[in-house]
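Structure first, commentary second.
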Amino acid sequence: TISGGKVYTLTQELTVDGESDITASFKFFYQQGSIRVVDQLNPHPVNPYMAITLEGDRPTEVIRYFNSVGVVLTHEISYPQENRVRVDLTREASTGDVLYIGYSDYNFDDNGNVTRVQQFRANDDNPSEFTTIQDRFYTYDDKPNPQNELYLPFFANVNFPTLTFFSSNNILSYTEGGQTFNFDYDYGPDGEVIRQTPPPGNEILFGYANCSDFE
């Protein structure tokens with residue numbers, strides 16, 4: 001449910017043999033400089049599902065609380081230079097032990113799309129030493145990305161956020177290790193994505209309600 005460009009509720013349904021069950025439901029609460037996301041199926045008295053800190057319109061910290069196991073995942077987001085975003089990832093266990101996982105660099109073109117992602121894993125014994133775990137280059141179409149700036153699902157898992165969160169348009173391909181992997185799309189009459197097929201071949205379908213302008 002989106003109003004004024006802000007997501008207020010997000011619901012996931014599972015349909016089997018024509019019967020649908022709600023498997024996830026989240027509510028977004030906005031304050032000056034922050035967003036709080038509450039899991040409506042598993043409310044927690046102390047911590048929300050996710051807490052986001054903003055400077056202007058840009059996130060600077062996203063904290064994901066795994067309340068059932070007491071784990072906290074912190075994404076620290078910085079903007080070291082124009083057309084570049086860095087995300088540092090830290091995990092705090094239920095015991096209070098803190099592990100710095102590493103960082104990811106997102107490099108943008110002038111159209112607001114991430115064209116290169118480099119991910120680095122910190123050495124457990126020496127956090128100042130890093131190993132490159134991913135280095136990918138991306139190309140894009142010129143159509144609006146319907147998943148741009150969606151905190152869920154891109155900050156929900158124990159990993160760096162997917163570049164889809166940051167990019168204005170839709171990925172056409174990515175290249176890694178000398179191999180190129182292509183995405184395929186169907187578009188609606190206003191340029192909106194109605195079907196995406198990523199390289200593994202699993203289709204993602206998109207539907208829209210009360211969205212008259214996609215430009």
Side-chain angles (χ1 to χ4, degrees), residues 2 5-7 10 26 28 35 37 50 52-64 73-91 100-122 130-187 191-206 214:
I2 301 176
K6 294 181 178 180
V7 176
L10 188 151
F26 301 95
F28 291 66
I35 306 171
V37 183
M50 185 179 292
I52 301 151
T53 301
L54 304 170
E55 286 187 5
D57 295 329
R58 303 195 303 187
T60 56
E61 183 180 70
V62 178
I63 301 177
R64 166 75 164 92
L73 197 70
T74 300
H75 301 82
E76 295 183 15
I77 306 170
S78 58
Y79 305 84
Q81 61 191 56
E82 187 177 3
N83 289 340
R84 182 180 168 200
V85 173
R86 170 169 166 158
V87 178
D88 288 84
L89 191 58
T90 303
R91 182 184 186 274
Y100 175 58
I101 296 174
Y103 70 96
S104 183
D105 278 333
Y106 302 82
N107 299 279
F108 292 76
D109 62 15
D110 292 335
N111 296 319
N113 293 312
V114 178
T115 55
R116 185 180 186 183
V117 176
Q118 296 172 283
Q119 294 183 356
F120 304 90
R121 177 65 186 257
F130 297 89
T131 301
T132 302
I133 59 174
Q134 185 182 107
D135 189 1
R136 290 181 177 178
F137 295 83
Y138 293 82
T139 65
Y140 291 83
D141 65 9
D142 59 356
K143 309 300 182 184
N145 168 20
Q147 300 178 88
N148 179 232
E149 297 184 355
L150 288 184
Y151 289 96
L152 298 181
F154 300 123
F155 284 90
N157 300 315
V158 187
N159 207 337
F160 297 103
T162 306
L163 78 164
T164 306
F165 172 85
F166 297 104
S167 295
S168 299
N169 302 121
N170 305 287
I171 301 169
L172 286 178
S173 69
Y174 70 85
T175 301
E176 183 177 27
Q179 289 186 295
T180 299
F181 303 86
N182 297 304
F183 290 65
D184 187 58
Y185 293 91
D186 286 338
Y187 302 98
E192 72 276 20
V193 173
I194 58 176
R195 181 190 59 83
Q196 178 197 71
T197 306
N202 298 318
E203 289 188 350
I204 302 173
L205 304 179
F206 296 85
F214 292 91

Min side-chain heavy-atom separation Thr132-Gln119 under 4.5 Å: no
Under 4.5 Å between any side-chain heavy atoms of Ile171 and Tyr185, yes or no? yes
Testing the basics here: between Ser104 and Val117, what is the closest heavy-atom pair and its distance to 0.1 Å? OG-CG1, 3.7 Å
Decide whether Thr53 and Thr60 meet the rule of one side-chain donor and one side-chain acceptor closer than 3.5 Å. no
Heavy-atom count around Glu82 CD within 6.0 Å, excluding the residue itself: above 12? no
From the list Thr139, Asp109, Asn83, Leu163, side chain to side chain contact (heavy atoms under 4.5 Å, CB included) partner of Thr115 resolves to Asp109
Output for pair (Phe28 CZ, Leu152 CG), nearest 0.5 Å, gives 4.5 Å
Is any side-chain heavy atom of Val7 less than 4.5 Å from a side-chain heavy atom of Phe26? no
Assess the side chains of Asn169 and Asp141: does a donor N or O sit below 3.5 Å from an acceptor N or O? no
Any donor and acceptor pair, going by atom type alone, linking the side chain of Ser167 with main-chain N or O of Val114 inside 3.5 Å? yes
Examine distances only and state if a side-chain atom of Asn113 and a backbone atom of Ser168 form a donor-acceptor pair shorter than 3.5 Å. yes
So, using side chain to side chain donor-acceptor pair (under 3.5 Å) as the criterion, who are the partners of Arg91 when residues are at least two apart? none
With Thr74, which of Ile101, Asp88, Leu89, Ile63 fulfils side chain to side chain contact (heavy atoms under 4.5 Å, CB included)? Ile63
Angle between ring planes, Tyr151 versus Phe155, binned at 30° and 60°: parallel, tilted or perpendicular? tilted
Pairwise distance CZ(Arg195) to OG1(Thr197) - rounded to 0.5 angstrom: 3.5 Å
May I ask you to test the Phe183-Ser173 pair for a side-chain heavy-atom distance under 4.5 Å? no
Could you go through the side chain to side chain contact (heavy atoms under 4.5 Å, CB included) check for Val87 and Phe166 one step at a time? CA-CA 12 Å; Val87 178; Phe166 297 104; 4.3 Å; yes
How long is the straight-line distance from CD of Gln118 back to CZ of Phe130, given to the nearest 0.5 Å? 13.0 Å
Under 4.5 Å between any side-chain heavy atoms of Tyr174 and Leu172, yes or no? no
May I ask you to establish whether Arg86 and Tyr103 are in a cation-pi arrangement, using a distance under 6.0 Å from NZ or CZ to the six-membered ring centre and at most 45° from the ring axis? yes
Any non-hydrogen side-chain atom of Pro161 less than 4.5 Å from a side-chain atom of Tyr106? yes
Testing the basics here: between Gly191 and Pro144, what is the closest heavy-atom pair and its distance to 0.1 Å? O-CD, 3.9 Å
Greater than 12 external heavy atoms within 6.0 Å of Gln134's CD: yes
Ion pair check, Asp105 and Arg116, cut-off under 4.0 Å: no
Distance-minimising heavy-atom pair for Phe165 and Leu150: CD1-O, 3.3 Å
Distance from Asn157 atom CG to Arg64 atom CZ, nearest 0.5 Å? 7.5 Å
Once rounded to the nearest 0.5 Å, what's the spacing between atom CG of Asn170 and atom CD of Glu192? 11.0 Å
Please round to the nearest 0.5 Å and tell me the distance separating atom CZ of Phe160 and atom CG of Leu73. 9.5 Å
So, Asn145 versus Tyr140: side-chain donor-acceptor pair below 3.5 Å or not? no
Does Phe108 reach the side chain of Arg84, with side-chain heavy atoms less than 4.5 Å apart? no
Please report the closest heavy-atom contact between Asn182 and Pro199, naming both atoms and the distance. O-CG, 3.6 Å
Student check: side-chain heavy atoms of Gln196 and Phe206 closer than 4.5 Å: yes
